[in-house]
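All values reported here derive from a predicted model rather than from experimental measurement. Values below: all heavy atoms of this structure, side chains included; hydrogens, waters and symmetry mates excluded.
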There are 2 protein chains.
Amino acid sequence: MQGKARVQAMMGEDLLFLTDDQLRRGIEAMFFAYRAFTADPDMILTDMDYGRAHHRALHFVNRDPGLTVTALLAVLGVTKQSLNRVLRTLIDDGLVESRVGRRDRRERQLFLTPKGTALERRLSEAQRARMRAAYRNAGPQAVAGFRQVLEAMMDPETRAQYQAMKDLPEDH
Amino acid sequence: MQGKARVQAMMGEDLLFLTDDQLRRGIEAMFFAYRAFTADPDMILTDMDYGRAHHRALHFVNRDPGLTVTALLAVLGVTKQSLNRVLRTLIDDGLVESRVGRRDRRERQLFLTPKGTALERRLSEAQRARMRAAYRNAGPQAVAGFRQVLEAMMDPETRAQYQAMKDLPEDH
DNA sequence: TTGGAAAGTCAACAAGGCTGCCCTATCAGG
DNA sequence: CCTGATAGGGCAGCCTTGTTGACTTTCCAA
């Protein structure tokens, strides 16, 4: 045992990995990994004149069919106008269906059409394939740690939203 | 022991966390965490009419002073024009200095000025603070897993680049 | 019946990606 | 000493996706 490993052991677990250098490595890992994470769907998307924003919308509509525009807005954390532009093209192209709300007719509930479902599957399968490979490679214990750190990194409100999402699909 | 935990134990570690549902949770965690990850520096940056791209440039110039424009281009994975726009404002504003290359006068070597160093510190300290809190919260073992999964997610060339970076600063 | 919330629309703008083309300076090999 | 290749910069123009602000329509609920 020598060098950095020895120092870490001497420091004890509490202060472990908290040097600026270790934090910087984490920051850079996030940057590079996120770029890879979005690369596969991005390639499919540019082929069909869509962008990352379309993917995100498809993802969350697929995951929670019937959610309202406002709810989607909150999840994505963008402005109405930004989402609207994206949503409009998806609706016009027949990937997303917007129905008048059941309990409140002002609301629009969003659903994927079969065509939308197909594209969502294709995109997320590409992304899952990479994630699956990374998970397999790193092992179950690493995956648990991965998820723990990511959750701890989120803003509290986002984290609550994220944790609540595990119970879906809700009834709409 | 009940529900999901019991099922996982029954499945054994090999197949653990590899259901589509678990992968989707990982994907969403990446999305939400990355948004939080960039939020703090983004706020500082918009106040001063800079963007995320400026932060990235400052980060890598700071980490490896004297690197060439081509090297920075490769790390960031963007086009020359894209970087040039950002770099020009940083140079004009006196945050980055561009010196004629030592071994090859065609090259430009990039350095942070004191002013550039100051901003880089401010930005990365905001980002480190969040990362530090997340690390502390999740614990050392989780952090190791976090890094393992992120590395496994990168493209091979990027991973090689990332791993090579741990030896810096090089001599320029 | 009326106030206000939800949704949508329009206009305008900015950051930061991209491509393509052109230019200069410089280096290295024949 | 040329000549081709390389590093960098600049210009024009494109796209996506984010922003703000103002405005309308729809429609629920008090």
Roughly how many Å is it from [atom1] in [X] to [atom2] in [N], rounded to a whole number?
X      : N      : atom1 : atom2 : value
A/L90  : D/dT16 : CG    : C1'   : 14 Å
A/E107 : D/dA29 : CD    : P     : 10 Å
B/R99  : D/dA7  : CZ    : C1'   : 18 Å
B/L73  : D/dT6  : CG    : P     : 15 Å
A/L87  : D/dG18 : CG    : P     : 13 Å
B/N84  : D/dA12 : CG    : P     : 14 Å
A/L76  : D/dT19 : CG    : C1'   : 16 Å

Please tabulate, one pair per line, all N/O donor-acceptor pairs under 3.5 Å involving side-chain atoms of residues 43-51 of chain B, not counting sequence neighbours.
residue : atom : partner : partner atom : Å
B/T46   : OG1  : B/D42   : O            : 3.1
B/T46   : OG1  : B/M43   : O            : 3.1
B/Y50   : OH   : B/D93   : OD2          : 2.3

* Check the pair B/E107, B/R102 against salt bridge (charged side-chain N to carboxylate O under 4.0 Å, His left out), reporting the backbone distance first and the verdict last. => CA-CA 8 Å; B/E107 295 179 344; B/R102 265 195 349 165; over 6 Å; no

* What pairs with B/A71 under side chain to side chain contact (heavy atoms under 4.5 Å, CB included), at least two apart in sequence or on another chain? -> B/L67, B/T68

* Structure fact -> With sequence neighbours left out, the residues meeting side chain to side chain contact (heavy atoms under 4.5 Å, CB included) with A/R85 are A/S82

* **Set of residues satisfying salt bridge (Lys or Arg N to Asp or Glu O under 4.0 Å) with respect to B/R159, sequence neighbours excluded** => none

* To do: Applying salt bridge (Lys or Arg N to Asp or Glu O under 4.0 Å), name anything that partners A/R121, two or more places apart in sequence or on another chain.
  => none

* Structure fact -> Note: contacts of residues 33-46 of chain A with DNA chain D (heavy atom, under 4.0 Å) are none

Partner set under side-chain hydrogen bond (donor to acceptor under 3.5 Å, both in side chains) for [X], not counting sequence neighbours:
X      : value
A/T38  : A/R52
A/R105 : none
B/Q81  : none
B/N62  : B/E120

Identify each atom pair where a protein N or O and an N or O of nucleotides 11-19 of chain C are less than 3.5 Å apart, giving names and distance.
residue : atom : partner : partner atom : Å
C/dG16  : OP1  : B/G51   : N            : 3.4
C/dG16  : OP1  : B/R52   : N            : 2.8
C/dG16  : OP2  : B/H54   : ND1          : 3.4
C/dG17  : OP1  : B/R56   : NH2          : 2.3
C/dG17  : N7   : B/R85   : NH2          : 2.5
C/dG17  : O6   : B/R85   : NH1          : 3.3
C/dC18  : OP2  : B/T79   : N            : 2.7
C/dC18  : OP2  : B/T79   : OG1          : 2.7

* To do: Check the side chains of A/Q22 and B/R147 for a donor-acceptor pair under 3.5 angstrom, ignoring hydrogens and angles.
  => yes

* Structure fact -> Nucleotide by nucleotide, nucleotides 23-30 of chain C touches protein heavy atoms under 4.0 Å in the pattern (B base, S sugar-phosphate only, - none) --BBS---

